[in-house]
Amino acid sequence: MSRPEAIQATRSPIDGSIYVERPLLDTSAVLGVLERHTAAGEDWKRESLAGRIQAVEAFLDALVAQREEIADELTWQMGRPISHSPH
């Protein structure tokens with residue numbers, strides 16, 4: 001008999017509706033994420049300053065390019081007024 005998949009539901013504080021549902025990770029998946037995180041940290045330590053700057057600038061460019069979507073997410077998931085978000 002298989003176990004039902006555990007689901008995490010995020011309710012919006014705006015109206016109490018379920019905004020998104022996602023399956024929860026099992027223990028082995030969480031341990032895999034932690035292993036990849038540790039390896040990535042070791043790689044980051046060995047990265048040159050120029051490489052780190054390039055990576056952070058690319059991240060910031062991607063973040064700014066998605067600012068409207070991020071503003072909507074913050075509004076629905078946290079109840080933050082859209083007028084307080086960059087758009």
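- Follow the hydrophobic side-chain contacts under 4.5 Å out from Ile14 and you reach Val20 in the same cluster.
- Closest heavy-atom contact between Ile18 and Ala9: CG2-CB, 4.2 Å.
- If you chain together hydrophobic residues whose side chains sit under 4.5 Å apart, Phe59 and Ile53 never meet in one group.
- Follow the hydrophobic side-chain contacts under 4.5 Å out from Ile70 and you reach Leu60 in the same cluster.
- Note that the CD atom of Glu68 and the CD atom of Glu73 stand 13.5 Å from one another [nearest 0.5 Å].
- Among residue pairs with one or both ends in residues 51-60, none qualify as side chain to side chain donor-acceptor pair (under 3.5 Å); sequence neighbours excluded.
- Nearest heavy-atom pair across Gly51 and Ser48 is N-OG, 3.0 Å.
- Residues Gly79 and Pro13 share a closest heavy-atom pair of N-CG, 3.3 Å.
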Contacts table for residues 27-35: side-chain donor-acceptor under 3.5 angstrom, sequence neighbours left out:
from, atom 1, to, atom 2, distance (Å)
Ser28, OG, Asp26, OD1, 3.0

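- In this structure, the separation between CG on Leu74 and CZ on Arg67 is 14.0 Å, given to the nearest 0.5 Å.
- Rounding to the nearest 0.5 angstrom, the gap separating the CD atom in Gln66 from the CG atom in Asp61 is 11.5 Å.
- Residue pairs that meet the salt bridge (charged side-chain N to carboxylate O under 4.0 Å, His left out) test with at least one member in residues 13-24, sequence neighbours left out, do not exist here.
- Remark: the backbone N or O of Ser17 is not paired with any side-chain donor or acceptor of Ser12 at under 3.5 angstrom.
- Residues Met78 and Trp76 do not share a hydrophobic cluster, defined by chaining ILVMFWY side chains whose heavy atoms lie under 4.5 Å apart.
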